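Computed from a predicted model, the values in this text were never measured in an experiment.
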Amino acid sequence: MKPCYNRRTMEDISHILNDLNDAQRQAVSAPLSNLLVLAGAGSGKTRVLVHRIAWLIAAEGLSPFNILAVTFTNKAAREMNERIESMLGLSSNAMWVGTFHGLAHRLLRAHYQEAGLSQNFQILDSDDQYRMIRRLMREHDIDENQWPPKQVQWFINQKKDDGLRAGDIKAFDYFEKNMLKMYALYEEACFQQHLVDFAELLLRTFELMRDNLSVLDHYQKRFRYWLVDEFQDTNRLQYAWLKLLCHSGNKIMVVGDDDQSIYSWRGAQVENIRRFEEDFKPVTHIRLEQNYRSTGTILNAANTLIENNNDRMGKTLWTESSEGEPISIYAAFNDLDEARFIVDKIKQWQHSGRLLREAAVLYRSNAQSRILEEAFLQAGVPYRIHGGLRFYERAEIKDALAYLRLLENTNNDSAFERIINVPVRGIGNRSVATIREIARESGLSLWQAALKIMDESLLPSRAVSAISAFIELIQELQVQIADLKLPDKIKQVLHLSTLLDHYRKERGEKARAKVENLEELSSAAAQFIEELREDVDGDPLTQFLAHTALEAGEGQADKFTDCAQLMTMHSAKGLEFPLVFIAGLEEGLFPHQMSLEDQKGCLEERRLCYVGMTRAMEKLILSYAEVRALYGRETYQAPSRFLHEIPRECVEEIRPRAKVTIPQSRGFHKPKPVSKFKDYDAAGFRPGQLVAHAKFGQGIVLAVEGEGDGARVQVNFKKAGSKWLLQSFAKLETIA
DNA sequence: ACCTGAAATATTTTT
DNA sequence: TATTTCAGGT
């Protein structure tokens with residue numbers, strides 16, 4: 001490693017502290033001790049983290065090699081890496097910066113033997129985990145209606161997040177007894193197949209360190225300084241990790257905000273902040289309270305709202321920026337009206353010369369996105385919905401990955417089962433059931449059981465030959481791809497498995513998209529190879545498979561198109577937008593019905609609202625509907641309590657203009673999604689229409705010009721951006 | 001294997 | 001209401 005950090009001079013040091021406010025400077029230049037930084041929304045948290053790292057290297061003389069920074073999302077890790085790189089000129093290889101899961105994975109790869117894993121262990125994502133649990137339950141004749149697999153999955157993950165193995169838990173009642181039984185079954189199966197789920201990554205690493213003093217000692221010596229982002233989101237296991245590793249002379253800086261704790265429902269322990277003060281004594285406290293993001297009005301409103309929570313550590317954000325515009329509250333007649341209002345405002349915003357991507361619509365639950373989407377579609381305003389199905393979670397991608405996984409480890413039962421008959425090759429349920437049965441009887445993997453069936457002809461000859469064809473295919477593939485580069489491996493697998501042809505033959509837009517996705521998979525692999533860090537060992541395929549499980553694979557293609565952003569308030573955390581809408585501020589929706597019952601849930605909802613509001617930089621617009629269609633019923637809900645908690649002087653109420661026509665009876669006037677319209681105009685397309693192009697993929701029609709052969713269509717493609725196309729030339733297909 | 005109709009079911013999400 | 005999942009028939 002090049003000691004480029006040695007070249008730092010005193011000038012550099014003062015440079016690090018420039019442009020920081022007092023509190024920030026205090027945090028960045030604090031002496032080497034344990035630090036708790038309570039960083040309010042928009043107070044320059046990431047900045048402090050990055051500058052602190054620079055300071056540690058320049059002023060304290062620490063080697064990047066000894067510093068480790070942990071975040072929760074890949075995005076945050078990436079951002080931090082970029083900023084470190086641009087500030088210090090350090091290659092990101094020099095320092096460990098990553099998510100808890102990413103770090104755990106790296107440690108397990110390096111010490112797979114001590115951790116009791118095989119070299120090619122694979123990672124289960126939550127979908128894989130769910131399928132696995134369901135499969136095991138069926139195998140053991142456990143009633144899925146009485147014990148919903150989802151609940152079992154939740155139980156298992158919750159226990160793992162608390163650091164508990166099935167054997168560590170004593171069952172108190174019938175329910176727990178059964179849950180434990182399934183936990184044990186699952187644990188056993190994962191162990192046998194060398195599969196590791198997300199929680200297991202952390203648990204295994206914890207156990208590895210706990211039980212291997214030499215390994216622990218090595219990393220305790222290596223990681224001298226820890227930085228933890230979003231500390232309020234840590235769970236018990238992650239905290240235990242920190243306590244174990246960050247020991248004996250090592251120092252740690254945690255940055256968090258108790259007011260932004262919105263993940264307690266999945267095990268995050270805000271209490272860890274208080275625990276930290278105890279366990280890591282002595283702790284220096286620093287509060288970052290100056291906000292650089294929002295206007296005075298927005299901040300004032302958010303502050304007043306959050307003051308209604310009585311469980312806070314206490315913190316009041318302030319700003320030097322001006323009051324700004326008042327917060328608008330729109331009382332819509334119904335959800336439809338609300339959606340139209342929002343789209344309308346965004347259009348105005350755009351017409352006033354601003355960018356669409358500066359506007360975000362936030363909501364409590366994903367279900368709300370549909371009606372908004374329809375409104376955007378109808379108005380022909382480009383939008384992007386965040387969340388939902390990710391690239392690596394798509395069924396066809398998971399099929400392809402299952403082939404790769406099986407090729408790596410033929411004993412991977414979940415991969416085997418996933419593709420044994422995909423594409424259909426005459427191995428029906430009966431054959432699969434027999435394979436499963438034999439596997440169970442003789443304690444073999446499905447693959448081994450299939451071999452046995454072949455050898456001993458345990459099924460009718462037609463089934464046996466179908467199975468042997470499959471086995472031969474896999475073996476053939478193993479030989480074929482052995483010497484290929486990763487992207488070519490994937491291409492070859494897609495080709496020889498006939499997976500690609502299978503979808504190519506299929507008609508319709510869905511199949512077309514699947515083909516596109518599959519083709520994109522090899523480019524994703526190519527890109528992955530390029531960015532692969534050299535200091536991490538392991539076969540590229542193994543690395544790539546882990547990558548697909550750990551990274552969502554957010555489409556970066558449409559990052560550049562100018563779109564309004566739609567997302568839940570949860571996924572908006574960490575982001576900021578000049579214009580923010582929060583939709584559906586109604587009792588029962590936000591705060592959500594499910595959270596209303598207990599006090600804690602309500603407090604968390606309020607924090608969520610706080611997070612949502614503090615995303616706004618210039619203008620915040622809140623809205624609620626008096627009537628909302630919910631599960632087919634028209635429900636009348638009172639305006640959210642949160643609206644009453646915002647000071648009047650910050651607010652400007654907007655009432656619908658009289659001339660807005662409100663559909664009296666829903667359904668009658670309800671506008672169908674544009675894609676369902678039959679009355680196209682001359683060119684065959686109308687703005688808002690979803691279309692597909694052979695080369696550019698899916699897109700949305702923005703404008704239509706001219707008629708007949710000369711007609712031109714402007715299409716905003718998801719991946720390729722906005723383009724003008726000759727309608728007669730480009731074979732655009734409409735998407736139903 | 002594919003189609004069809006009934007039944008279930010509907011917070012928040014990253015890794 | 002709308003979507004997804006599943007069983008059963010063809």
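A:His592 places its NE2 atom 11 Å from the P atom of B:dT13, with the value rounded to the nearest Å.
Annotation: B:dT12 and C:dT3 have their P atoms spaced 16 Å apart (nearest Å). Taking atom P in both C:dA2 and B:dT13, one finds a spacing of 22 Å when rounded to whole Å.
Counting any heavy atom pair closer than 4.0 Å across all strands shown, A:Asp233 reaches no nucleic acid atom. When heavy atoms are screened at a 4.0 angstrom cut-off, A:Gly612 is found touching no nucleic acid atom at all. Within the nucleic acid shown, A:Arg430 has no heavy atom closer than 4.0 Å to any nucleic acid atom. Residue contacts shown for A:Glu604 are absent, as no nucleic acid heavy atom lies under 4.0 Å away. A:Arg364 comes within contact range of at least one nucleobase, with a heavy-atom separation under 4.0 Å.
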Could you summarise the pairing of DNA chain B as dot-bracket text, marking Watson-Crick and G-U pairs under 3.5 Å with ( ) or [ ] inside the strand and | across strands? ||||||||||.....
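The backbone N or O of A:Leu603 lies less than 3.5 Å from a partner atom in the side chain of A:Asn309, making a donor-acceptor pair. The backbone N or O of A:Ile420 sits less than 3.5 Å from a side-chain atom of A:Arg425, completing a donor-acceptor pair.
Within the model, atoms CD of A:Gln599 and CD of A:Glu604 stand 13.0 Å from one another, a figure rounded to the nearest 0.5 Å.
Closest contact between the side chain of A:Ser595 and the listed nucleotides C:dC6, B:dT15, B:dT11 involves B:dT11. Here the nucleotide nearest the side chain of A:Asn366, chosen from B:dT12, B:dT15, B:dT11, is B:dT12.
Note: A:His547 and A:Phe544 have parallel aromatic rings, judged against thresholds of 30 and 60 degrees for the angle between ring planes. Note: A:Phe642 and A:Phe590 have perpendicular aromatic rings, judged against thresholds of 30 and 60 degrees for the angle between ring planes. Between A:Trp265 and A:His570, the ring-plane angle classifies as perpendicular under the 30° and 60° cut-offs.
For the pair A:Arg390 and B:dT15, the criterion of a side-chain N or O lying under 4.0 Å from OP1 or OP2 is not met.
At a non-hydrogen distance threshold of 4.0 Å, A:Tyr263, A:Trp265, A:Arg266 from residues 260-268 of chain A come into contact with DNA chain B.
Heavy-atom neighbours of A:Asp598 CG from other residues, nucleotides or ligands within 6.0 Å: above the threshold of 12.
Not a single donor-acceptor pair, N or O on each side, falls under 3.5 Å between the base of B:dT13 and the side chain of A:Thr568.
Each of A:Tyr631 and A:Asn429 lies near DNA chain B, and the nucleotide nearest A:Asn429 is the one positioned closer to the 5' end.
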